[in-house]
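Below, read A as the first sequence line, B as the second, and so on, with proteins coming before strands; counting in each chain starts at 1. The figures that follow rest on heavy atoms only: side chains count, while hydrogens, waters and symmetry mates do not.
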Amino acid sequence: MERNVESGADPGALACFAMSNVPEKPSLEGLEQRWAATWQATNTYAFDPTKSRDEVFSIDTPPPTVSGSLHMGHIFSFTHTDTIARYQRMTGKSVFYPMGWDDNGLPTERRVQNYFGVRCDPSLPYDTGFEPSAREGLGPDGKAFKQQIPISRPNFVELCGELVEQDEKVFESVFRTLGLSVDWSLLYATIDERSRRASQRGFLRNLARGEAYQQEAPSLWDVTFQTAVAQAELEDRDQPSAYHKLRFTLPGLEGEAGSDLLIDTTRPELLPACVAVVAHPSDERYTRYEGMMVTTPVFGVEVPMVFHELADPEKGTGVAMICTFGDTTDVTWWRELDLPARAVIGRTGRFIEDAPDVMSAEAAALYGRMVGKTIHSGKAEIVTMLQEVDAIVGEIRPITHPVKFFEKGDKPLEIVTSRQWYIRNGGRDRELGERLIARGDEMAWHPPYMQSRYTNWIDGLNGDWLISRQRFFGVPIPLWYSLDDNGEPRYAEPIAPHESTLPIDPSTDVPPGFDADQRGKPGGFMGDPDIMDTWATSSLTPQIAAKWEDDPDLFERVYPFDMRPQGHDIIRTWLFATAVRSHFEEDVAPWQHVCISGWILDPDRKKMSKSKGNVVTPIDLLEQFGSDAIRYWAASGRPGTDTAFDEAQMKVGRRLSIKLLNASKFALGMGDLVAALEAPVTEPLDLAMLARLASLVDECTKAFDEFDYARALERTESFFWTFTDDYIELVKNRAYGGRTPEGQASAHAALAIALDTMLRLLAPIIPFATEEVWSWWREGSIHTSQWPSSAPLFSLAGDASPELLAIAGQALSGLRRVKSDAKRKPRTKIVSGSITDSGDRLSALRLAIDDVCDAGAASNLELNEGNEFAVSAALEPDE
RNA sequence: GGGCCGUUAGCUCAGCUGGCUAGAGCGCUCGCCUCACACGCGAGAGGUCACAAGUUCAAGUCUUGUACGGCCCACCA
């Protein structure tokens with residue numbers, strides 16, 4: 001391996017042998033490329049598939065979404081995982097650490113649209129010659145696209161694959177630069193063949209066992225993406241809206257004339273979809289109208305007055321109109337009160353052609369004024385119509401209220417009735433929910449309080465998991481339906497492929513027993529047009545990574561996984577969905593340990609995000625500070641804790657790495673430290689340092705065993721600075737041979753042992769600097785070396801008091817202070833002085849007094865017993 | 001409204017099962033090119049541990065409550 005080796009022109013000495021690998025001027029620059037290449041070339045992190053289950057540590061990494069670029073949140077949490085992987089590897093485990101790319105789904109579709117300026121139109125035929133003419137969202141004229149070119153689904157999927165491949169190369173490069181000890185030969189992508197096979201197999205098995213089912217039902221629908229979405233993908237956003245007080249007509253009671261019934265609504269445009277009005281069953285203002293019909297304004301449709309607990313007497317006038325469908329409460333009322341459906345909003349978010357059939361011809365004509373309009377302009381139209389008949393009472397009152405959005409969408413969700421596939425998740429089955437909650441107890445949560453998010457989410461579920469999506473780029477639902485004589489699909493009898501044929505695409509593959517030319521014809525068949533939700537595939541990452549069914553031997557050795565690292569924001573989605581699948585498929589929790597990372601906050605304590613424009617690209621930071629420095633920053637963030645993006649902390653990490661190089665250079669300059677590793681340690685100060693080191697090893701081992709990389713780092717770092725600032729200064733003279741040969745040999749041995757141990761303690765956190773130093777004097781990679789053991793260190797230290805190092809350090813500090821207060825140089829000689837301290841501490845200090853005198857350039861130090869620690873000294877005259 | 005987390009020096013945070021005279025780094029002040037390191041070294045200033053009550057010989061550390069901040073969920077008439 002090439003290195004800046006000095007010429008060796010110094011005719012000096014054999015002693016230079018040990019120095020021969022140490023650069024004249026150690027530096028962090030270039031370590032990432034050099035060592036990443038070496039690790040790759042020598043398969044340093046290769047998983048050994050012959051190891052038995054108890055010798056394996058397996059990690060189920062959630063594949064990052066390949067939608068453009070990595071952000072600091074990835075760097076943060078992947079570093080956490082990597083420190084654990086490296087620790088486990090050093091304890092002798094064969095670490096199964098695969099990487100995956102989550103490349104199917106909407107983010108990729110959207111990125112392809114923006115990048116190539118296209119959109120998918122499934123009705124178009126495949127264009128074999130299609131070449132995207134534009135890149136990076138710019139048209140041929142260099143300006144942003146005004147219009148997207150429609151292309152066929154196969155063309156669109158091709159472009160997805162092309163773009164994803166480019167992105168994945170960039171991702172891999174960043175992760176290699178960051179120093180992730182991933183076994184890249186285990187790489188998978190959620191759209192690759194193995195993932196599609198596992199995903200479809202998983203679904204078909206859910207179907208066979210009755211855990212998956214289809215249903216024609218109202219569900220939340222994104223009108224922009226034109227797909228159904230699941231509960232886990234929702235978020236609330238505050239939106240401006242307005243109360244409209246509508247005048248319905250109540251029937252006359254006991255011969256009285258009819259009267260007005262006033263109803264507040266924020267969605268007057270859904271009036272034609274009104275199927276009932278609802279009040280609370282104990283609300284006496286309305287209970288007397290039970291069983292009667294009220295009349296809607298404008299359309300004059302008669303709807304029943306119904307009663308339900310969810311109607312809030314305090315809200316508005318205490319009575320609400322039930323429309324199909326304005327919100328999820330409407331769906332509940334509609335279902336529980338067995339009301340008819342009168343849909344008016346179509347899948348595109350516009351008013352549909354056909355007026356509800358309960359309308360009179362006259363009403364239908366009025367409805368005609370809304371047909372084809374968006375929700376927004378439909379609302380304006382109905383307000384006009386209401387005003388024409390004086391059916392809006394008082395002012396329209398603007399409000400702001402939370403509205404459900406698809407987390408990736410920018411228009412409010414509508415509720416549309418459609419046929420969709422679901423997987424049971426306990427949302428409609430309390431017993432199943434309880435069993436899934438119990439699965440959470442089978443996992444050790446780090447930090448423990450994160451388990452409550454899992455439990456709370458299951459407790460709050462209100463429906464099963466909707467997994468079908470009306471999109472293009474993803475894993476297809478692996479089913480066909482036979483067509484009856486009228487060409488209508490028999491949805492109740494789906495045709496499933498045999499598992500051995502997976503993966504399939506029902507839009508091109510032909511079901512058993514049919515010919516290709518029967519597609520779409522009466523008596524023939526059709527493929528299910530939908531793809532699966534991205535979570536339906538990524539919930540199987542343990543199975544995918546472990547090569548489920550494709551490699552049963554591997555599966556046995558890694559599943560269930562030891563560790564699942566992830567952010568707390570995806571507990572409700574990824575973690576939960578994965579638990580559901582493993583519960584059904586393997587009847588087990590998918591992991592033994594769940595390690596939750598926090599978020600990265602910008603210095604103003606806000607979550608960093610692209611929209612806020614406060615995102616810094618990882619690669620720039622890796623280059624600016626060095627990978628070890630960035631890893632240091634990441635590893636400083638305690639498990640589960642949101643952490644500020646802090647360049648100051650990265651500088652500290654860089655400083656630590658550089659210091660490690662320099663301190664190592666000093667130690668290795670002493671002579672043959674490999675031989676010194678076996679030499680006797682005799683000096684009390686050296687033994688005290690080793691006693692401290694032994695305790696440190698225990699602390700770090702315990703911390704890493706508890707997945708607390710941050711604690712391990714903090715302890716090691718703290719010791720390291722004491723080591724360099726106090727210990728090295730104290731023994732420097734002795735190590736150079738300023739006292740006895742025995743004292744020198746003892747110092748060399750202690751330096752060698754301490755360096756060897758500290759490098760290994762730091763290796764999981766700062767793999768580059770430690771590997772660099774390791775290469776100066778040790779064989780092989782530090783990352784496949786053994787994690788330090790405290791026992792030999794305790795044995796060496798014997799009954800030496802670890803306190804001595806601190807006592808001597810304080811004495812030295814006192815001597816320095818005298819010089820600092822006198823504004824004299826640190827090397828100024830102390831001609832006489834005294835140290836006052838307790839008897840116990842003084843008797844300890846006596847054991848290292850020569851080292852203290854040497855480090856302080858002091859002679860004639862008196863030790864006086866007293867209550868207060870104090871140092872006084874007379875300095876040599878100023879020149 | 002329900003749940004969870006946090007509140008310790010100007011800033012970012014340690015402080016594990018209660019025993020400290022409350023620590024670190026950054027920043028700040030002063031000094032220093034000391035033969036590993038000026039991408040450095042040394043010294044120093046700086047805190048009634050959010051507030052209140054309680055348990056205890058002893059509380060930053062345990063209990064209860066309050067305030068403030070954050071996150072998740074529920075709340076769409």
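Taking the side chain of Ala644(A) as heavy atoms from C-beta on, and the options C26(B), U12(B), G44(B), the nearest nucleotide is U12(B). Comparing U12(B), C72(B), C37(B) by their nearest atom to the side chain of Asn662(A) picks out C37(B). The side chain of Trp599(A) approaches C72(B) more closely than any other nucleotide in the set C16(B), C72(B), G40(B). Distance from the side chain of Arg715(A) is smallest for A14(B) among the nucleotides A14(B), C72(B), A38(B). Closest contact between the side chain of Arg711(A) and the listed nucleotides A14(B), C76(B), C16(B) involves C16(B). Of the listed nucleotides (A14(B), C41(B), C16(B)), A14(B) has the atom at the smallest distance from the side chain of Glu714(A).
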Exercise. What one-letter contact string describes nucleotides 4-10 of chain B from 5' to 3', where B marks a base within less than 4.0 Å of any protein heavy atom, S marks contact via sugar-phosphate atoms alone, and - marks no contact?
Worked result: SS-----
Exercise. Can you give one letter per nucleotide of nucleotides 28-35 of chain B, 5' to 3': B if a protein heavy atom sits under 4.0 Å from the base, S if only from the sugar-phosphate, - if neither?
Worked result: --SSSSBB
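In this structure, Phe625(A) has its ring center no closer than 6.0 Å to that of Trp633(A). Aromatic rings of Tyr709(A) and His80(A) (six-membered ring for Trp) have centroids within the 6.0 Å cut-off, being under it.
Across G19(B) and C62(B), the matching C1' atoms stand 14 Å from one another, rounded to whole Å. Comparing C16(B) with A22(B), their P atoms are spaced 16 Å from each other, to the whole Å. Rounded to whole Å, the separation between the C1' atoms of A50(B) and A43(B) comes to 33 Å. C4(B) sits 27 Å from C11(B) when the C1' atoms are compared, rounded to a whole Å.
Less than 4.0 Å separates RNA chain B from at least one heavy atom of each of the following residues of residues 231-244 of chain A: Gln231(A), Asp236(A), Tyr243(A).
Nucleic acid contact class of Asp459(A) (heavy atoms, under 4.0 Å, all strands): none. At a threshold of 4.0 angstrom between heavy atoms, the contacts of Thr641(A) with the nucleic acid are absent. Arg654(A) comes within contact range of at least one nucleobase, with a heavy-atom separation under 4.0 Å. Residue contacts shown for Ala667(A) are absent, as no nucleic acid heavy atom lies under 4.0 Å away. If you check every strand for non-hydrogen atoms under 4.0 Å, Ile596(A) touches nothing. Contacts of Ser636(A) with the nucleic acid, taken as non-hydrogen atoms under 4.0 Å apart, are absent. If you check every strand for non-hydrogen atoms under 4.0 Å, Val652(A) touches sugar and phosphate atoms only. Nucleic acid contact class of Ile728(A) (heavy atoms, under 4.0 Å, all strands): base.
Note: Ile322(A) CD1 to Asp330(A) CG = 6.5 Å, rounded to the nearest 0.5 Å. Distance check: Thr332(A) OG1 to Glu309(A) CD gives 13.0 Å after rounding to the nearest 0.5 Å. Rounded to the nearest 0.5 Å, atoms CH2 (Trp599(A)) and CG (Asp569(A)) are 5.0 Å apart.
A salt bridge links Arg734(A) with Asp851(A); the closest basic N to acidic carboxylate O contact falls under 4.0 Å.
Lys819(A) contributes a side-chain N or O that, together with a main-chain N or O of Gly856(A), makes up a donor-acceptor pair within less than 3.5 Å. Side-chain N or O atoms of Gln744(A) include one that pairs as donor or acceptor with a backbone N or O of Ala735(A) at under 3.5 Å.
Relative ring orientation between Phe576(A) and Tyr454(A) is described as perpendicular, the plane-to-plane angle rising above 60° on a 0-90° scale split at 30° and 60°.
By the 6.0 Å and 45° rule, Lys732(A) stacks over the aromatic ring of Phe666(A).
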